[in-house]
Amino acid sequence: MDKPIQILVVSSEFTNCDVLKDIINREGWKMVCAATVRESSEVLANENIDLVFSDRCLADGTYRDVLVIMRLLRRYIRMIVTSRLADWDEYLEAVHDGAFDLIASPSRAADLVRVVSQAQSENQKIGRAVAVDNAPVTSVGGPLEPPFTMSKSRSIERYPSMT
């Protein structure tokens with residue numbers, strides 16, 4: 001039997017955390033919840049996390065701060081940003097910054113299952129590399145090192161000018 005997916009949810013909103021927790025538990029995945037960027041850094045440093053969901057805006061920062069921490073720790077994990085608005089501009093911004101996808105919050109079960117499935121599928125294609133010792137740490141919006149790639153399988157097709 002495969003090891004359950006370990007998901008970190010970074011959300012200052014209890015409602016969002018509860019909705020995600022219900023869906024994640026139903027799917028048999030494991031969840032760790034952090035309410036702030038600071039809490040997320042502790043979890044990322046001490047837990048073996050496979051996937052991160054982060055609210056766009058957090059009490060002490062944004063998803064970008066979590067991405068920076070992941071890079072500083074050399075933890076190359078897919079991040080899905082959640083947003084109440086979830087419009088095209090936010091999607092492009094999140095993907096440009098290094099997130100895997102952006103979905104509406106609160107999330108629907110079908111959307112969550114689909115995006116987790118896509119992220120896991122891409123991880124399997126390239127082989128999941130948690131730590132990459134020779135890869136440079138980049139600032140948010142900078143180039144991503146492997147194993148991250150752009151994908152046409154996301155909920156919003158890749159914008160033509162991004163190629």
By side-chain hydrogen bond (donor to acceptor under 3.5 Å, both in side chains) - contacts of [X] (at least two apart):
X: Ser83; value: Glu90
X: Glu13; value: Arg84
X: Thr82; value: Asp55
X: Ser105; value: Asn16

Please output the side-chain donor-acceptor pairs of residues 20-29 that fall under 3.5 Å, not counting sequence neighbours, one pair per line with the distance.
unit_1	atom_1	unit_2	atom_2	d
Asn25	ND2	Lys21	O	3.3

Side-chain contact, heavy-atom cut-off 4.5 Å: [X] with [Y]?
X: Arg78; Y: Val52; result: no
X: Leu8; Y: Leu44; result: yes
X: Ile77; Y: Asp50; result: no
X: Leu58; Y: Val66; result: yes
X: Tyr63; Y: Asp97; result: yes
X: Val81; Y: Ser54; result: no
X: Glu93; Y: Asp89; result: no
X: Ile49; Y: Lys30; result: no

Checking [X] side chain against [Y] main chain: does a donor-acceptor pair fall under 3.5 Å?
X: Ser12; Y: Ala59; result: yes
X: Asp65; Y: Thr62; result: yes
X: Ser40; Y: Val37; result: yes

- Trace of the side-chain contact (heavy atoms from CB on, under 4.5 Å) decision for Ile103 with Phe53: CA-CA 10 Å; Ile103 61 174; Phe53 279 86; 3.8 Å; yes

Can you measure from [atom1] ([X]) to [atom2] ([Y]) and round to the nearest 0.5 angstrom?
X: Ile7; Y: Glu47; atom1: CD1; atom2: CD; answer: 13.5 Å
X: Leu51; Y: Ile5; atom1: CG; atom2: CD1; answer: 7.0 Å
X: Ile80; Y: Gln118; atom1: CD1; atom2: CD; answer: 9.0 Å
X: Cys33; Y: Met31; atom1: SG; atom2: CE; answer: 4.0 Å

- Asp101 side chain to Tyr91 side chain, donor-acceptor N/O pair below 3.5 angstrom: no

- Heavy-atom pair with the smallest gap, counting every atom of Ala86 and Ala104: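 Closest approach of Ala86 to Ala104, heavy atoms only: CB-CA, 3.7 Å.
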
- Closest heavy-atom pair and its distance - Leu73, Ala45: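 Shortest heavy-atom contact: CD1-N, 3.9 Å.
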
- Task: Treat each ILVMFWY residue as a node, draw an edge where side-chain heavy atoms are under 4.5 Å apart, and state whether Trp88 and Leu102 are in one component.
- Result: yes

- Query: Could you go step by step and tell me if Gln6 and Asn48 meet the side-chain contact (heavy atoms from CB on, under 4.5 Å) rule?
  - Reply: CA-CA 7 Å; Gln6 180 92 345; Asn48 188 18; 5.9 Å; no

- Query: Sequence neighbours excluded, which residues qualify as salt bridge (charged side-chain N to carboxylate O under 4.0 Å, His left out) partners of Asp111?
  - Reply: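 For Asp111, the residues satisfying salt bridge (charged side-chain N to carboxylate O under 4.0 Å, His left out) (neighbours in sequence not counted) are Arg108.
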
